[in-house]
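Below is one structure, written out as structure tokens, with a few remarks after it.
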Amino acid sequence: MRILDEKLVRGDITLLSQAWTDERSFCIRPARSGVDEAWLEAALASLPVEFGSAHFALLTSGSTGRPKLVVANKSRSERLARVLDEVQQSQGVEATVVTLPLSYCYALINQWLWAHVMQRKLIMTNGLKAMPQLADVFAEQSAASVCLVGAQVRLLADGLRGRQFPGVIRVHFAGGPFPQTALELVRDLFPNAAIYNNYGCTEAMPRLTLRHVDESEDPSIVGKPLPGISMRSGSAGEILFQSPYGAVGFVDEGAEYVAISESDWVPSGDLGECLPDGMWKIHGRQGQVFKRFGEKISLSQVKDAIAQCWDGEINFYREDDPSGEAGHVLVLQPEPSETQVRGVLKALRKAFPRTHWPLRVEGVSTLSLLPNGKIDAVRLAEESKKNIYWRQRL
Amino acid sequence: MTNREKLRDLLIDVFLLEDDEFDFSLTQEQIETWDSLGTVSMAVGLEEAFGHHMTPEQAVEVESIQGIIDYLTSCGVSFAD
């Protein structure tokens, strides 16, 4: 499997087209993956020989910092790109503006591959790092789409304040919580855009469900499965899926290859349930539901309660308390006033017993984002400790 | 800041009370957030604020704010101010 450096692809996007049409398989190496070279070599060496052609691989570490190499089949992904075109009603979309790295499955499939398969224009940008350039690109469009991560909305709104881009007619969100509380900002920037909440994971390569913004006001409702995809809840409430477009295998941190067949029920990494109308509701990442003193804590529910009185970003990281019991720390962004912190605490007191309260309330002026736009959970824990607004004395 | 004010601020923070909810005559029963974890939090807070370590047994025995004042008074903390 040949390695394709994301940096080179960024300089010459035709390299990706060539690698895709080439029979040989390829792996995109992200510009800043932090993955050990020896690990990547061992991971690639562990792949079955037949993956030497017609496949591609992506490196993911998500917000956990643990490397994973996910392998997919090119033709299966092309089928997904066609399905996405249909369900996203993208027929009238002439171009897609890329603000995320193409080593990120969401941008690669929803944007690059969609444009490649459906013969549309792909417009590369330097993302949110170069706002004036991005504004110019958005302004030039007459019927474009853009894929974003929820955490980018406030940065975009700040960087493009006062501007409107009527030529962007589709805005997709994935890769994290849907920015329900910041929707007005999105609508101000893109007044003509249909907004979609996409849900999936890298193993799904990457889509499982899709919801138009108007179908629900609950950000945790992610819509119905795409045609061909089946989903169910496991015994612990974990979301499992079968997908004809999904990954065919992966190599985990221990450099051990795990095959995925079409009949396997694959965990998405989240907990959730199917509602009576067929829509799926996400209860949070598996690590975001835990027991504290025997009480089941869902950080997604805690977040919903806080969102009633705080319209900034709400994040958590996990930490054990001094007695060794599992707990969580709440991180608000931007930094809250004393009154706002009291408001948040009041909302928590009203909604939950003390077991659900955070060990601390911390604040940061800005959130560190990974290159794919997701919040860097590792840095979140390190940075936010600087500003503690409240703590449980334990 | 007097010791009464110090205690008031601490308990408002520990039990997440509103300013106008607080009263020195409140009992554990009247403070819904004074649960077992709240007792731990209160004991840690008292040690931080007044420098007196409350054993778990002593903490559980206290059932009102007046009980806290009595405990602290027995430790030599004056609430005469």
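When reading the values below, keep in mind they use all heavy atoms of this one structure, side chains included, and skip hydrogens, waters and symmetry mates. Labels below follow one simple rule: chain letters A, B, ... track the order of the sequence lines, proteins then strands, and each chain is numbered from 1.
With hydrogens and angles ignored, the 3.5 Å screen pairs a side-chain donor or acceptor of B:S41 with a backbone N or O of A:R393.
The two residues B:V14 and A:W357 have their closest heavy-atom pair at O-CZ3, 4.1 Å. In this structure, A:L394 and B:V40 approach most closely via the heavy-atom pair CD2-CG1, 4.1 Å.
Counting non-hydrogen atoms of other residues, nucleotides and ligands closer than 6.0 Å to CD of B:E29 gives a total of 12 or fewer. No more than 12 heavy-atom neighbours from other residues, nucleotides or ligands sit within 6.0 angstrom of CD on A:E217.
Note that CZ of A:F293 is 10.0 Å distant from CG of B:D35, once rounded to the nearest 0.5 Å. Going from atom CG of B:L37 over to atom CG of A:D321 covers 8.0 Å, rounded to the nearest 0.5 Å.
Using a 4.5 Å cut-off between heavy atoms, A:S323 makes no contact with chain B at all. Neither the backbone nor the side chain of B:L46 comes within less than 4.5 Å of any heavy atom in chain A.
The side-chain heavy atoms of B:F15 and A:R354, taken from C-beta on, include a pair separated by under 4.5 Å. Proximity of A:K346 to B:L17: side-chain heavy atoms (C-beta onward) are nowhere separated by under 4.5 Å.
Looking at B:E18 and A:K350, no side-chain N of the basic residue comes within less than 4.0 Å of a carboxylate O on the acidic one, giving no salt bridge. A salt bridge links A:R349 and B:E32; the closest N-O separation between the charged side-chain nitrogens and carboxylate oxygens is under 4.0 Å.
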Evaluation steps, salt bridge (Lys or Arg N to Asp or Glu O under 4.0 Å), between A:R342 and B:D19 | CA-CA 11 Å; A:R342 295 307 300 182; B:D19 284 356; over 6 Å; no
